[in-house]
2 protein chains.
Amino acid sequence: MEDHSESKCENCIIRQLNSLKALNKEELKSISNSKVTRSVKKGESIFAEGEKLKGVFCVRNGVSKLSKMSDNGKDQIVKIATKGEVLGQRSVITQQKTNLSAIALSDMEVCYIPKNHLSDYISNNVEFTKAILLQIADELKFADNIIVNMAQKNVKQRIAETLIYLENNFGVDREGFITMTLTREDIANIVGTAKEACIRTLTAFKKEDWIVTEGKRIKIANKKALNRLVEGL
Amino acid sequence: MEDHSESKCENCIIRQLNSLKALNKEELKSISNSKVTRSVKKGESIFAEGEKLKGVFCVRNGVSKLSKMSDNGKDQIVKIATKGEVLGQRSVITQQKTNLSAIALSDMEVCYIPKNHLSDYISNNVEFTKAILLQIADELKFADNIIVNMAQKNVKQRIAETLIYLENNFGVDREGFITMTLTREDIANIVGTAKEACIRTLTAFKKEDWIVTEGKRIKIANKKALNRLVEGL
DNA sequence: CGTTAGATTGAATACCCTCAACGAGAGTGG
DNA sequence: CCACTCTCGTTGAGGGTATTCAATCTAACG
């Protein structure tokens, strides 16, 4: 942490993680001047489905979900976004309304970056455009895989896969528990099933000694078994 | 059809439909010289999952599915691509293996465009890069919506939605039947269900006089009812 | 401590999958 | 032209899996 002026984009470490890394010092300074840092409390919404965004949100801290709520109260999570990810990118690029809402799963700190400058860079800085393109392309691949999984795998397999994903992407604490602690309901909403089905599956995993739970925290005890399950035995 | 030399990209009408429209005459000529036109018979594969593509395929005619086959024989269709769409774009951009396979649903004519030139243009022509970005961003939105639908809607609703989608996107013939005729199994594979479930739902729709069928052809007779169903009554 | 969100379990039900058999049309070869 | 095969559509029945509603329990938190 040799950087003491994180409040300026050009000094912010976070940008290394996303497409903003393709911008040069000048461009970053210009963005820095127009950005607004905002703190979001757990449960609060960053933006809602159907909004027209006039800028993107760069996550500096905390976790959020991108999801869509249906009329019957079901909330399908499409993506979990953490430090370094840029929210609202798609909507700003295509100038369409958002099709998902972003809600904080923990207290967060996000930087709001108005689109005016970004649009310029997208039009003039190929490297920047390319960086965004690569990122969106990856998101598309990820989304396609989810579609296939939802169709071809059952709840058990999808939950196993989600646990492994969470461990691989967000790591474990010193006790081995998955760092990213989600409620059972959130996990259910990622997997696309009901809270109870999720809980029942987790208890089944526990009975097999494949996982250990402590409150909402989860530790994977037998990754191989989970992987075998995902692959279909 | 005042254009008699479709064999050259710069004269091909198809390109108006996709990102290639952002290229200028020079660039198109260069592409035209390296491209290969290829005809693909119904059922044949254009590329398979896991391949490393060295170019993209521009569809000039016919219909193809982008899908992934699971070990148990289930084939989930993620996207139907027709005239004007470019296949393999994502894979070429990210230089990753394809995560889906492309199979012809009808006899097709595709132009294979080696990536060497494309890569140059992506690095130098912002307009081209932007065009691709917009397209991929749209595909991402579409994919996200599918995820949500798979999780929140039941088979009936998803089939209704698919029928409406097919009618809206591919139109109807003079008798009102949906131009895009897919087998029941293909529809099931789009929706993510079993062939039989698809058939039963269609017969139920027929009984309600919401659709008319004639062999594999389908005509929507009561779009409002289908829409109401999709919205959840 | 009381309050409340979240975890857990049970039981009834609805939905969908799977296997299996049959039918109908299209194309092929004799 | 007919028999044959192959693909696709259709229907029935049985079994699972996941949903839903309801009740209880637990842990976090002011």
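Just so it is clear: chains get the letters A, B, ... in the order the sequence lines come, proteins before strands, and each one is counted from 1.
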What is the distance, to the nearest angstrom, from the [atom1] atom on [X] to the [atom2] atom on [N]?
{"X": "A:Gln157", "N": "C:dC17", "atom1": "CD", "atom2": "P", "result": "14 Å"}
{"X": "B:Glu214", "N": "D:dC8", "atom1": "CD", "atom2": "P", "result": "18 Å"}
{"X": "A:Gln152", "N": "C:dC16", "atom1": "CD", "atom2": "C1'", "result": "16 Å"}
{"X": "A:Lys42", "N": "C:dT4", "atom1": "NZ", "atom2": "C1'", "result": "13 Å"}
{"X": "A:Lys156", "N": "D:dT19", "atom1": "NZ", "atom2": "P", "result": "14 Å"}

Side chain of A:Lys216 only, heavy atoms from C-beta on: which candidate in C:dC16, D:dA18, C:dA7 is closest? C:dA7

Is [Y] paired with [X] through a side-chain N to carboxylate O contact shorter than 4.0 Å?
{"X": "B:Lys79", "Y": "B:Glu85", "value": "yes"}
{"X": "A:Arg217", "Y": "A:Glu214", "value": "yes"}
{"X": "B:Asp144", "Y": "A:Lys68", "value": "no"}
{"X": "B:Glu167", "Y": "B:Lys223", "value": "yes"}
{"X": "B:Arg38", "Y": "B:Glu109", "value": "no"}
{"X": "B:Lys97", "Y": "B:Glu51", "value": "no"}

Which ones in residues 183-191 of chain B lie close to DNA chain C, meaning a heavy atom under 4.0 Å from one of its atoms? none

When you measure from every atom of DNA chain C, which of residues 192-205 of chain B have a heavy atom less than 4.0 Å away? B:Thr193, B:Ala194, B:Glu196, B:Ala197, B:Arg200

Side-chain touch [X]/[Y], heavy atoms, less than 4.5 angstrom:
{"X": "B:Thr37", "Y": "B:Val110", "value": "no"}
{"X": "A:Cys198", "Y": "A:Ile159", "value": "yes"}
{"X": "B:Gln89", "Y": "B:Gln135", "value": "yes"}

Side-chain H-bond candidate by donor/acceptor type, A:Thr179 with A:Asp173, under 3.5 Å: no

If you fit an axis to the five pairs at each end of the helix from C:dC1-D:dG30 to C:dG30-D:dC1, how big is the angle between those two axes, to 10 degrees? 40°

